[in-house]
Protein chains: 2
Amino acid sequence: MVIVKTTASPPLVRISAVPFRLGRAGLSVAVHPGQPDEQRLLAGAPGPDEWLDSAARRIVRERIGWDEQYLEQLYTFGHATDGNASVTVSYLALVRDQDRHDQESPGIAWVAVHDVTLPSDVDRQVLEYALIRLRAKLGYTNIAFHLLPPRFTLSELQLAYQAVLGHPVDKRNFRRRMIASGILDQLDEKRRDGSHRPAALYRFASRDDHAAYLTPPWAAEHAENASELLTSRSDRA
Amino acid sequence: MVIVKTTASPPLVRISAVPFRLGRAGLSVAVHPGQPDEQRLLAGAPGPDEWLDSAARRIVRERIGWDEQYLEQLYTFGHATDGNASVTVSYLALVRDQDRHDQESPGIAWVAVHDVTLPSDVDRQVLEYALIRLRAKLGYTNIAFHLLPPRFTLSELQLAYQAVLGHPVDKRNFRRRMIASGILDQLDEKRRDGSHRPAALYRFASRDDHAAYLTPPWAAEHAENASELLTSRSDRA
DNA sequence: TCAAAAGTGTTCCTTCTACACCCATGT
DNA sequence: ACATGGGTGTAGAAGGAACACTTTTGA
């Protein structure tokens with residue numbers, strides 16, 4: 001079969017992903033480095049028989065060399081690339097900091113969020129929105145857990161929140177809320193770390209993951225919560 | 001330019017829109033009626049030089065015969081149509097109930113949300129998610145205003161909320177919150193309606209519209225709010 | 001004078017915020 | 001004994017929920 005391309009072709013579908021990682025330097029993003037100080041986000045096209053999510057997952061895995069912990073679709077941008085229409089479906093990915101820093105992936109740099117320089121307008125919008133979404137979801141989901149190792153201390157958890165939000169949070173209030181939320185299991189073990197009191201270790205309590213909350217195709221399970229805003233208990237009779 | 005098409009072609013971009021309207025029968029949705037009791041959502045393809053939003057706007061306008069009040073991208077679904085990959089970018093649209101019911105558009109039916117029957121899986125997901133999003137946004141944006149005429153009473157506003165949420169809300173609390181929110185201007189005029197006390201008329205106070213809150217490309221303006229979850233005042237020093 | 005919708009306050013309770021000191025350990 | 005990070009409680013403020021009667025009008 002042959003298609004004659006006229007001046008304008010139908011829009012091409014492109015996938016763009018923003019993998020975040022939490023390391024010593026705080027929150028950083030995987031980019032392809034280019035000209036000095038110019039980077040671009042990970043992108044690719046879905047194969048003809050590939051769902052969007054699996055294409056995004058594959059792109060992240062291929063480029064950074066290991067699996068993401070969490071993947072969420074963000075937004076779809078329509079724009080022109082070289083005079084052709086295209087459509088960019090953007091994704092947020094979270095990966096755990098790997099100790100195997102030996103096998104740093106070629107063509108990939110992890111850059112602190114505030115140092116990322118993106119020449120492309122769409123890339124900048126994608127990154128900006130990814131950060132907004134990540135920060136917002138910290139407040140009402142357990143999304144932060146995908147940035148941490150399976151066992152962690154409350155201080156580590158707090159540092160993760162602070163790194164993402166970009167500002168300090170109150171220790172006592174933070175701990176109270178986290179424990180009250182019920183998503184943490186305290187382990188019997190403690191971690192002896194330096195010349196100070198050892199810290200209790202925690203893990204995430206539930207396998208059911210609230211992070212995707214309010215995003216299809218899983219949104220329905222949580223719909224009640226969403227519609228309970230602006231209602232009172234007696235109203236739901 | 002010539003492209004040789006192999007067995008599978010690249011994904012096609014499709015746009016799907018869910019226009020909501022608030023009428024006597026409560027919240028209803030514009031669909032194309034088909035086989036008895038089978039409907040489908042409004043859909044179309046973006047022109048080669050058309051942005052996604054304008055394509056969605058055009059599709060809504062063409063089909064229902066008047067402009068939408070509010071348009072918001074929801075989610076992008078990847079799926080197969082007739083064995084070919086395609087990508088559906090879904091949109092939520094809100095329209096004001098028009099008095100010009102004379103010019104009901106051909107090929108369109110407005111069906112109460114709970115009576116919509118969609119044979120397509122993707123269509124069902126789109127509608128479900130549109131409702132979830134609309135309900136959620138009632139709680140923290142002024143999105144409801146796009147379903148109402150420019151001047152309205154507090155009772156009408158409350159009925160709109162109830163129709164969307166699907167349950168009653170407390171009158172006194174509702175009024176207090178609405179007035180406290182500051183998005184309402186009370187007009188000097190009142191509406192005499194039946195054999196009872198006349199109701200004060202209101203309109204929306206601000207031209208700046210919080211409904212798109214947390215959705216690109218406007219999300220940035222509201223980013224501070226988003227990241228203020230889980231923080232205390234003193235933390236932001 | 002009655003019916004029908006408009007309008008209006010208070011109490012209780014839960015949640016949020018601010019804030020400072022003692023504890024366990026290693027050197 | 002001291003330095004380091006781990007761990008804890010409380011009081012005040014603000015916000016959310018429940019709840020019932022009076023007012024104004026037209027018929």
Side-chain angles (χ1 to χ4, degrees), chain A residues 24 138-140 148 151-163 165 167-203 224-237, chain B residues 24 136 138-140 148 151-163 165 167-203 225-237:
Chain A
R24 308 224 142 244
L138 275 190
Y140 60 96
L148 288 174
R151 292 139 37 93
F152 51 87
T153 67
L154 285 180
S155 295
E156 288 170 337
L157 184 58
Q158 183 180 346
L159 286 171
Y161 271 75
Q162 293 179 161
L165 292 175
H167 61 74
V169 301
D170 181 88
K171 181 161 68 162
R172 280 174 291 188
N173 292 336
F174 179 79
R175 288 169 179 238
R176 191 180 322 106
R177 267 185 298 237
M178 282 299 148
I179 287 163
S181 77
I183 47 177
L184 295 182
D185 276 349
Q186 180 168 359
L187 305 179
D188 290 334
E189 213 171 337
K190 290 189 185 284
R191 176 185 296 164
R192 278 156 300 279
D193 210 12
S195 62
H196 52 80
R197 183 171 176 174
L201 286 173
Y202 293 81
R203 67 168 176 216
E224 302 147 36
N225 301 334
S227 60
E228 278 172 12
L229 302 165
L230 228 155
T231 69
S232 49
R233 221 165 291 145
S234 67
D235 295 334
R236 290 174 227 133
Chain B
R24 308 225 142 245
L138 275 191
Y140 59 97
L148 289 174
R151 291 139 38 93
F152 52 88
T153 68
L154 285 180
S155 295
E156 287 169 338
L157 184 58
Q158 183 180 345
L159 286 171
Y161 271 74
Q162 294 179 161
L165 293 175
H167 61 74
V169 300
D170 181 87
K171 180 159 69 159
R172 282 173 290 189
N173 292 337
F174 178 79
R175 288 171 178 236
R176 190 179 322 106
R177 267 186 297 237
M178 283 298 148
I179 288 164
S181 76
I183 47 178
L184 295 181
D185 276 350
Q186 180 168 0
L187 306 178
D188 289 334
E189 213 171 337
K190 290 188 186 285
R191 176 185 297 164
R192 276 155 304 279
D193 208 12
S195 64
H196 53 79
R197 183 169 174 176
L201 285 173
Y202 292 82
R203 67 170 176 212
N225 300 336
S227 62
E228 277 172 15
L229 302 164
L230 226 153
T231 71
S232 50
R233 223 166 288 144
S234 68
D235 295 335
R236 291 174 225 132

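Note that the structure is predicted; figures quoted are calculated from it, not measured. A, B, ... follow the sequence lines: proteins, then strands. Residue 1 opens every chain.
- The nearest heavy atom of DNA chain D to B:R176 and to A:R176 marks one nucleotide each, and the one closer to the 5' end goes with A:R176.
- A:R197 is linked by a side-chain contact (heavy atoms from CB on, under 4.5 Å) to nothing, counting only residues two or more places apart in sequence or in another chain.
- Computed from coordinates, the B:Q162 CD to C:dA5 P distance equals 14 Å when rounded to whole Å.
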Identify each atom pair where a protein N or O and an N or O of nucleotides 21-23 of chain D are less than 3.5 Å apart, giving names and distance.
from   : atom 1 : to     : atom 2 : distance (Å)
D:dT23 : O2     : B:R197 : NH1    : 3.3

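- The shortest distance between side-chain heavy atoms of B:Y202 and B:I179 falls below 4.5 Å.
- Counting distance only, with no hydrogens placed and no angle test, the side-chain atoms of B:R172 and the base atoms of D:dA17 include no donor-acceptor pair under 3.5 Å.
- Note: CE (B:M178) to P (D:dG16) measures 12 Å, nearest angstrom.
- Rounded to an integer number of Å, the gap from OH of A:Y202 to C1' of D:dG7 is 9 Å.
- Residues A:L184 and A:L154 are in side-chain contact: their nearest non-hydrogen atoms beyond the backbone lie under 4.5 Å apart.
- A:F174 has its CZ atom 17 Å from the C1' atom of C:dA18, to the nearest Å.
- Between the CG atom of A:D170 and the C1' atom of D:dG9 there is a distance of 12 Å, given to the nearest Å.
- Spacing between atom CD1 of B:I179 and atom C1' of C:dG7 amounts to 10 Å, rounded to whole angstrom units.
- A gap of 23 Å separates the P atoms of C:dC19 and D:dG5, to the nearest Å.
- Among D:dA17, C:dA4, C:dG7, the nucleotide with an atom closest to any side-chain atom of B:N173 is D:dA17.
- Between B:L159 atom CG and C:dA5 atom C1' there is a gap of 11 Å when expressed in whole angstrom units.
- Proximity of B:M178 to B:Y161: side-chain heavy atoms (C-beta onward) are separated by under 4.5 Å at one or more points.
- Within the 4.0 Å cut-off from OP1 or OP2 of D:dG7, at least one side-chain nitrogen or oxygen of A:R175 is found.
- Annotation for A:E189 and A:R151: closest pair OE1-NH1, 2.9 Å, computed over non-hydrogen atoms.
- Both B:Q186 and B:H196 lie close to DNA chain C; mapped to their nearest nucleotides by heavy-atom distance, the more 5′-ward contact belongs to B:H196.
- Between A:R177 and C:dT17, a side-chain N or O to OP1/OP2 separation shorter than 4.0 Å is present.
- The neighbour count for B:R203 CZ, taken as heavy atoms of other residues, nucleotides or ligands under 6.0 Å away, does not exceed 12.
- The phosphate of C:dA6 (OP1 or OP2) has a side-chain N or O of B:S155 nearer than 4.0 angstrom.
- The separation between A:R192 atom CZ and D:dG5 atom P is 18 Å, rounded to whole Å.
- Within the 3.5 Å criterion, the main-chain N or O of A:V169 finds a donor-acceptor partner in the side chain of A:Q158.
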